[in-house]
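Reviewing the structure listed below.
Lettering follows sequence order; numbering is per chain, from 1.
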Number of protein chains: 2
Amino acid sequence: MNSREDLDDFIKNGHKQYLSHLSIDPVIFGYHDQQLKILLLRWRGLNGWGLPGGFIRKREPLSQAANRILQERTGLDNVFLQQFQVFGDSPYRLQERNAQEFANTYGFEVDTDHWLFERTLSISYFALVDYSRVSVTTDFFTDGYQWCDVSEIPSLLFDQNEVVEKALATLRLQIYHQPIGYNLLPDKFTLPEIHSLYETILGKKLDPWNFGKKLVSLGLINKLDERRSIGAHRSPYLYQFDKEAYENALTQGIVHTY
Amino acid sequence: MNSREDLDDFIKNGHKQYLSHLSIDPVIFGYHDQQLKILLLRWRGLNGWGLPGGFIRKREPLSQAANRILQERTGLDNVFLQQFQVFGDSPYRLQERNAQEFANTYGFEVDTDHWLFERTLSISYFALVDYSRVSVTTDFFTDGYQWCDVSEIPSLLFDQNEVVEKALATLRLQIYHQPIGYNLLPDKFTLPEIHSLYETILGKKLDPWNFGKKLVSLGLINKLDERRSIGAHRSPYLYQFDKEAYENALTQGIVHTY
DNA sequence: CCAAAAGTGTTTAATCTACACCCATGA
DNA sequence: TCATGGGTGTAGATTAAACACTTTTGG
């Protein structure tokens, strides 16, 4: 959606194509190089940082919409993406004054009751991706992005600070009874790698040895007979997720600590 | 909403008062006499059992809407009510043919593109109530209700079997890291009472002694110096939830098993 | 005194935790 | 051969699980 015609069409006819009152705003967690970050976009009209987002097509299944929006923004497909909450306690997300600001910014005259400015509930998802593989696409409404460390989130638009906080809390709680990491690590990885991932997500130290023992004893990962050469040190063994056990744990949930 | 005028107004003007495309459908778990049941309503027009439901007013905060709907249906206020998922993968919940059925049943002529028959995403909540305290209110669309044992759920309207299953799964998973029961038990309760509640929800046996030890050692409940007289047997001690620890655990989550 | 229900203790096994120690590698 | 990072073992503490035993109560 980058040409003027596309935008024009979106503004005028979007309400025919999309479900009103609803948006999908994924919190995209990116992990790379032992850092956990989230993707923020700079919104032109609103002059601030916010989450990427999109709308649901009238006949599009919800989960498909979420995946499409993620794909449009990051180019990634087939990643861990989970709905976690609908935010709708602030009666309006966009106030009336935004219509004027919007008009000034984009050069569009729109009514204050235009569909874009109606009350919008945000169906929030969180995704886990390797951010080195992401190519971010901005559109007409956004003019920049950043991968922001989770410990340094700035003040965001609307109620999105709450959304991000809740996403992080959900992720950290969930990691205790669902295996997480399939999409963040290469197919074959070493114990130190997955160990560091979990430490980063949880924001605390975990005993490396005990951590590995646990994952193996739960059957979630399997030790391979290969090693990775990592320079001037002992070569660590490679591990792989046990696809079956992993899927099973995702749907059933596991109860344990790390 | 029981008079003809109310209904008339609802059909004709509901789209002005409520957000379109959205409904709130709480799965209401009722516990009483060591049984776990859910509240089902018989829908007149659709000729089947389904969950109670309602719509969100245009300027009403989401959580307030959920509480209002629960209150309207059960008369209860201030109960455990938690959002758990939006269901929106079936592109339509009400098919076109329902418009005709609807007209036949209620004697209303409505267009197939009437707001009531548009695609609706269901924001699902689950509630925990003591069903002996509930007085169910039916409305024009429903002509009966039942408290149905969770192990005997019949085939429900739309995708609601999936909703109920997911609610139950969420409840059972959640009970492992959030205390549940504040609203299901009297203010002061005995260990056997709360023990039986947890056994019923989880659908499995728990060692009574170890269970009590755990709850006390977590600080969630406190032993009182009173006992309850229960006839020809030893009088059990009364316990009380530790309000502070309980609230804390609700927001923070606990990691443990039973 | 008995049956039924509640409360308590203790043993055993499992698991967690925290280290200490050994191994492999390339500089 | 040394520094560094990776892998392994184990003792001690903690927690879970199972079950037997004691207490209370009204009949």
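- No hydrogens or angles considered: nothing links the side chains of A:Ser124 and A:Asp25 as a donor-acceptor pair under 3.5 Å.
- Rounded to an integer number of Å, the gap from B:Arg234 CZ to C:dA5 C1' is 9 Å.
- The closest donor-acceptor contact from the side chain of B:Gln240 to the backbone of B:Asn222 lies at 3.5 Å or more, if one exists at all.
- Rounded to a whole Å, the CG atom of A:Leu224 is 17 Å from the P atom of D:dG6.
- The 12-atom threshold is exceeded at OH of A:Tyr198, counting heavy atoms of other residues, nucleotides or ligands nearer than 6.0 Å.
- Regarding A:Arg227, its CZ atom lies at a distance of 7 Å from the P atom of D:dG7, rounded to whole Å.
- By the 4.5 Å heavy-atom criterion applied to side chains, B:Phe29 and B:Lys37 are not counted as neighbours.
- The listed nucleotides are C:dA24, C:dG26, D:dT10; the one nearest the side chain of A:Lys213 is D:dT10.
- In this structure, the helix from C:dC1-D:dG27 to C:dA27-D:dT1 shows an angle of 10° between the axis at its start and the axis at its end, each fitted on 5 base pairs and rounded to 10°.
- A donor-acceptor pair is defined here as one N or O able to donate and one able to accept, closer than 3.5 Å; no such pair exists between the side chain of B:Asp33 and the backbone of B:Gln35.
- At a non-hydrogen distance threshold of 4.0 Å, B:Pro192, B:Trp209 from residues 192-209 of chain B come into contact with DNA chain C.
- Residue B:Phe211 contributes atom CZ, which lies 13 Å from atom P of D:dA17 at whole-angstrom precision.
- The listed nucleotides are D:dG7, C:dT15, D:dT25; the one nearest the side chain of A:Lys214 is C:dT15.
- Atom CG in A:Leu218 sits roughly 12 Å away from atom C1' in C:dT15 (whole-Å rounding).
- In this structure a side-chain-to-backbone donor-acceptor pair under 3.5 Å is missing from A:Asp149 to A:Glu152.
- In this structure, the nucleotide among D:dT8, C:dG7, D:dG5 sitting nearest to the side chain of A:Lys223 is D:dT8.
- Put simply, CG on B:Leu238 is 15 Å from C1' on C:dA5, counting in whole angstrom units.
- For B:Asn67 (side chain) and B:Ser63 (main-chain N/O), a donor-acceptor pair under 3.5 Å exists by modelled atom type.
- Atom NE2 of B:His233 is separated from atom C1' of C:dC2 by 12 Å (rounded to the nearest Å).
- Look at B:Ser235 and you'll find a side-chain N or O under 4.0 angstrom from OP1 or OP2 of D:dT25.
- One N or O on the side chain of B:Asp89 and one on the backbone of A:Leu62 form a donor-acceptor pair closer than 3.5 Å.
- For B:Asn210, counting side-chain heavy atoms from C-beta on, the closest listed nucleotide (D:dA18, D:dG5, D:dG26) is D:dA18.
- Below 30°, between 30° and 60°, or above 60°: for B:Phe189 and B:Phe241 the angle between ring planes is between 30° and 60°, a tilted geometry.
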